[in-house]
Amino acid sequence: MAVNMDEKVAPIFQEVLNRNPGEIEFHQATREVLESLGPVLVKHPEFTHHKIIERICEPERQIIFRVPWRDDKGEVQINRGFRVEFNSALGPYKGGLRFHPSVYLGIIKFLGFEQIFKNALTGLPIGGGKGGSDFDPKGKSDDEIMSFCQSFMTELYRHLGEHTDVPAGDIGVGGREIGYMFGQYKRITNRWEAGMLTGKGTDWGGSLVRTEATGYGATFFVDEMLKARKDTFGGKVCSVSGSGNVAIYTIEKIHELGGKVVTCSDSNGYIYDEKGIDLVLLQQLKEVERRRIKDYLQYRKHAQYVAKGNIWEIPCQVAMPSATQNEINGADAEMLVKNGCIAVGEGANMPTTPEGVKVFLDAQIAYGPGKAANAGGVATSALEMQQNAQRDSWTFEYTEKRLQDIMKHIHELCYETAIEYGTPGNYVNGANIAGFIRVAKAMVAFGVV
Ligand code: NDP
Ligand code: 2IT
């Protein structure tokens with residue numbers, strides 16, 4: 001697919017390709033942002049002078065380390081750990097940790113790069129970073145998870161701190177893993193430093209609504225896009241992929257707003273339940289029993305399970321990909337549009353390939369890219385940090401209202417920026433440009449650092 005880039009930006013992208021060979025997800029993420037930035041350099045020649053784009057594409061610090069641990073059989077296992085501290089112009093590095101066998105530097109860098117602009121869009125004081133490991137939590141016992149998390153933190157702790165770098169969860173990292181890592185940090189440092197990790201349990205420094213925040217926030221964002229088109233969720237058939245943290249709370253909020261979610265999935269297959277996904281059952285299977293999505297059928301006989309199928313073949317009006325990167329390709333996007341899809345909100349990070357993005361933009365449907373639509377998770381992490389700094393905890397209602405206001409603000413910012421830069425309705429440009437400008441201004445202010 002042809003790269004569509006301004007002549008000032010194209011050589012910078014070429015340099016990114018040369019300096020980071022083989023990191024295809026990182027290339028994809030930088031390309032998508034850089035394609036939006038040509039007109040920004042025209043309005044802001046100082047960004048060219050200060051080489052802001054070149055600097056933003058190079059992480060401030062990249063840490064790669066060995067994670068040795070012992071499994072239940074007493075055998076030594078070795079994984080690789082990563083933390084990419086990408087940009088601290090707006091605040092301490094902030095972003096999740098992903099534990100998945102597919103993790104390598106290129107994935108952590110794509111996620112860290114996206115995180116810079118996402119975090120900027122929230123308007124809160126957080127820089128961008130990401131980390132993780134190629135450790136596969138699937139099928140591991142609690143003891144093995146603990147052993148791995150403790151070893152991981154034994155190396156990572158020296159790079160963290162409430163004013164330095166503040167991780168949270170992502171794929172394969174939820175409340176259980178955050179607990180083990182917080183415990184190990186506390187033990188090593190002898191500090192009860194709540195603000196060094198977010199997504200904590202609500203009994204020990206966590207924020208209400210953080211668990212729900214990414215899914216709720218993504219749904220609020222789509223609701224705003226629909227409102228801008230004088231539409232609502234009411235009565236809409238919706239498709240959600242994944243069945244993890246983001247998917248579950250996306251489904252919950254869509255149902256609250258009057259839509260009906262008919263799908264969910266895991267990496268083995270998808271469920272189609274035309275009566276609407278039974279959320280209580282889904283939570284029991286996934287959050288409590290940690291089972292596979294196939295087991296949904298044992299309790300909802302009328303539903304269908306399609307092993308290794310393509311979830312996007314189910315007709316829907318709103319699609320919310322909430323599993324992983326590149327889960328919607330060009331053909332999937334065409335199928336969605338042809339079947340009547342009018343809005344896409346990305347709960348996952350970069351779930352749509354560049355070909356798919358082009359289909360959505362050309363069709364002029366309401367397309368909310370991940371760095372805008374899923375910013376509610378990290379925004380609520382920043383609210384958790386605020387509560388930790390105050391040694392206070394807010395009510396569910398108040399915190400959810402703050403989240404909703406933030407998502408409204410992000411929508412408005414992207415919407416208005418798209419208009420200002422001559423591409424009304426294009427939330428990709430709106431998000432990339434608005435996020436970039438906030439970071440770039442801070443970097444100019446700080447000089448060459
Ligand atoms: P979870 O680990 O809770 O759930 C992930 C879900 O996606 C599971 O159903 C998993 O299925 C599926 N999945 C993961 N990898 C793949 C793959 N390679 N192919 C197919 N399915 C896959 O993670 P989250 O819900 O937290 O994260 C989902 C997405 O949302 C990710 O893209 C993440 O980066 C993004 N995100 C998360 C935020 C958060 O606060 N948690 C914030 C913003 C974005 P299986 O069990 O079979 O692996
Ligand atoms: O991709 C993301 O924004 C996250 N996984 C959440 C990061 C965070 O620090 O809450």
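What you see is a predicted model; the values in this text were computed from it and never measured. For ligands, and for the atoms within them, numbers begin at 1 and follow the listed sequence.
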In the structure I gave you, are the side-chain heavy atoms of Leu226 and Ile342 within less than 4.5 Å of one another anywhere?
yes

Considering residues, nucleotides and ligands other than Arg291, do more than 12 of their heavy atoms fall under 6.0 Å from its CZ?
yes

Which ligand 2 atoms, with their elements, are less than 4.0 angstrom from a heavy-atom of Ser381?
8 (C), 9 (O), 10 (O)

Establish, from distance only, whether the side-chain atoms of Asn326 and Thr353 form a donor-acceptor pair under 3.5 Å.
no

More than 12 foreign heavy atoms under 6.0 Å from OH of Tyr415: is that the case here?
no

Regarding ligand 2, does Pro167 bring an N or O atom to under 3.5 Å of one of the ligand's N or O atoms?
no

Check for a donor-acceptor pair, side chain of Thr380 on one end and backbone N or O of Gly376 on the other, with a separation under 3.5 Å.
yes

Please step through side chain to side chain donor-acceptor pair (under 3.5 Å) for the pair Thr214 and Asn374, ending with a clear verdict.
CA-CA 6 Å; Thr214 310; Asn374 72 40; over 6 Å; no

Heavy-atom cut-off of under 4.0 Å around ligand 1: list whichever protein residues fall inside it, by chain and number.
Arg98, His100, Lys118, Lys138, Asp170, Ile171, Gly172, Arg210, Thr214, Gly242, Ser243, Gly244, Asn245, Val246, Ser265, Asp266, Ser267, Arg292, Ser322, Ala323, Thr324, Gly347, Ala348, Asn349, Asn374

Intermediate values then yes/no, ring-ring contact (aromatic ring centres under 6.0 Å, His included), Phe152 and Phe99:
CA-CA 11 Å; Phe152 184 83; Phe99 292 170; 5.3 Å; yes

Quick one, Phe436 and Ile53 - any side-chain contact, counting heavy atoms below 4.5 Å?
yes

Non-hydrogen atom of Arg98 closer than 4.0 Å to ligand 2
no

Using heavy atoms and a threshold below 4.0 Å, how should the contact between Arg210 and ligand 2 be classified: side chain, backbone, both, or neither?
side chain

Residue-level breakdown please: for Lys118 versus ligand 2, do any non-hydrogen atoms fall below 4.0 Å on the side chain, on the backbone, on both, or on neither?
side chain

Per-pair distances, 0.1 Å, donor-acceptor, side chain in residues 273-280, under 3.5 Å, sequence neighbours excluded:
{"residue": "Asp273", "atom": "OD1", "partner": "Lys275", "partner atom": "N", "Å": "3.0"}
{"residue": "Asp273", "atom": "OD1", "partner": "His302", "partner atom": "NE2", "Å": "2.8"}
{"residue": "Asp273", "atom": "OD2", "partner": "Tyr296", "partner atom": "OH", "Å": "2.7"}
{"residue": "Asp273", "atom": "OD2", "partner": "Arg300", "partner atom": "NE", "Å": "3.0"}
{"residue": "Asp273", "atom": "OD2", "partner": "Arg300", "partner atom": "NH2", "Å": "3.0"}
{"residue": "Asp278", "atom": "OD1", "partner": "Val280", "partner atom": "N", "Å": "3.2"}
{"residue": "Asp278", "atom": "OD1", "partner": "Leu281", "partner atom": "N", "Å": "3.1"}

So is Asp170 polar-close to ligand 2, meaning N/O to N/O under 3.5 Å?
yes

One finds that the ligand 2 atoms under 4.0 Å from a non-hydrogen atom of Ala168 are 8 (C), 9 (O), 10 (O)

Ranked by distance from atom 7 (C) of ligand 2, the top protein heavy atom is Gly96 N, 3.5 Å

Using modelled atom types and a 3.5 Å cut-off, is there a donor and acceptor pairing between side-chain atoms of Ser207 and backbone atoms of Arg210?
no

So does Glu412 have more than 12 non-hydrogen atoms from other groups sitting under 6.0 Å from CD?
no

Interfacing atoms of ligand 2 (cut-off 4.0 Å, heavy-atom, Lys94)
8 (C), 9 (O)

Atoms of ligand 2 under 4.0 Å from any heavy atom of Lys130, numbered from 1 in the order shown, are 1 (O), 2 (C), 4 (C), 5 (N)

Ligand 2 contact on Thr214 by region, counting heavy-atom pairs under 4.0 Å
neither

